Amino acid sequence: MMQGLPLLSLAIWAPIIAGVAVLLTGGDRNAQAARVIALIGALIGFAVTIPLYTGFNLQQGGFQFVEMRTWIDTINANYHLGIDGISLLMVLLTTFITPLAILGSFTYIESRQRAFYAMLLVLETAMLGVFVAFDLFLFFLFWEIMLVPMYFLIGVWGGDERRYAANKFFLYTLAGSLLWLVALLYLANKAGGFNPVLMGQAASALPFAAQCWLFLAFALAFAIKVPMFPFHTWLPDAHVQAPTAGSVILAGVLLKMGTY
């Protein structure tokens, strides 16, 4: 175990730093450099998560590798990270799949390669942030950031109906997230912050009708992401139209996110 290192922060931010480096390589004339940097950045992200696995204590309950920093005092939102046994597996899955998706795109993506690999790395950062965030405001930000790179991956590098599929994916997910945001802010106001434990305690003290409305708002956002019937119609279009790397990440990670 690598004592003292902020491993979760390193895992989250290493891909996006690599993404910035990819953007600095120039246009498609330097596509080889962009591909190599993207792959190295993704592999570093995977390497950082290996100590999380080897150092995880199966006999210890609760969250481990916790990082806590004060962030936005006015709303009591914090940069609070941690993993449990479930999120650990999702983090490892994400960091394992992303280098494969990048490697598989080397001979498949022929245009705007710099932007393509940068989008994949930003998407990896957002997915990892969802799995390790222990502050629901931070969780929500990563959840929403994730929409942007996936939208462009489908809409720019997808198939013939890519724009329709990208817009449908974006609008479905955004609609659920807006209702969820209203419920999240309401509950945070009752709990005095975005700590999920305190929010759970605050929710249990609310009238039953309010609990039902909150549950529906939360469940809708996650049901769309799974996706569950009847909110599933965006998925066939997105899968068919997405580039291979986008489809791999969609099936391998994103569709598990709502259930998580």
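This structure is a prediction, so every number in the text was calculated from the model and none was measured.
Judged purely by atom type and a 3.5 angstrom limit, Glu161 has no side-chain atom pairing as donor or acceptor with the backbone of Asp237. Side-chain atoms of Tyr117 come within 3.5 Å of backbone N or O of Ser105 as a donor-acceptor pair. Remark: side-chain polar atoms of Ser204 are paired, donor with acceptor, to backbone N or O of Gln201 under 3.5 angstrom.
Nearest approach of Met127 to Thr98, heavy atoms of both residues: CE-OG1, 4.4 Å.
The number of heavy-atom neighbours closer than 6.0 Å to CZ of Phe96, taken from other residues, nucleotides and ligands shown, is 12 or below. The environment of Asp160 atom CG is sparse: at most 12 non-hydrogen atoms of other residues, nucleotides or ligands sit within 6.0 angstrom. The local environment of CE in Met228 is sparse, with at most 12 non-hydrogen atoms from other residues, nucleotides or ligands closer than 6.0 Å.
Relative ring orientation between His232 and Phe229 is described as tilted, the plane-to-plane angle lying within the 30° to 60° band. The aromatic rings of Phe194 and Phe137 sit tilted relative to each other, their planes meeting at an angle between 30° and 60°.
Between Glu124 and Thr94, the side chains place no donor N or O within less than 3.5 Å of an acceptor N or O (distance only, hydrogens not considered).
Atom CG of Leu88 and atom CG of Leu58 lie 8.5 Å apart (nearest 0.5 Å).
Side-chain contact between Val91 and Leu128: present, with at least one pair of heavy atoms (C-beta onward) separated by less than 4.5 Å. Using a 4.5 Å cut-off on side-chain heavy atoms (C-beta onward), Lys225 and Met146 make contact.
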Evaluate Trp180 against Phe140 for ring-ring contact (aromatic ring centres under 6.0 Å, His included), listing each step before the verdict. CA-CA 9 Å; Trp180 176 35; Phe140 179 82; 5.2 Å; yes

Show your working on side chain to side chain contact (heavy atoms under 4.5 Å, CB included) between Asn57 and Gln64 and close with a plain yes or no. CA-CA 8 Å; Asn57 185 357; Gln64 301 180 34; 3.7 Å; yes

Pair Phe169, Tyr151 - check ring-ring contact (aromatic ring centres under 6.0 Å, His included), show working. CA-CA 7 Å; Phe169 162 76; Tyr151 173 82; 8.0 Å; no

Does the side chain to side chain contact (heavy atoms under 4.5 Å, CB included) test come out yes or no for Leu52 and Phe65, once each step is laid out? CA-CA 8 Å; Leu52 296 176; Phe65 299 96; 3.7 Å; yes

ring-ring contact (aromatic ring centres under 6.0 Å, His included) between Trp213 and Phe208, worked out: CA-CA 9 Å; Trp213 284 112; Phe208 179 71; over 10 Å; no

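For residues 68-88, the set of pairs meeting the side chain to side chain donor-acceptor pair (under 3.5 Å) definition, not counting sequence neighbours, comprises Ser9-Tyr79, Trp13-Tyr79, Asp84-Ser87.
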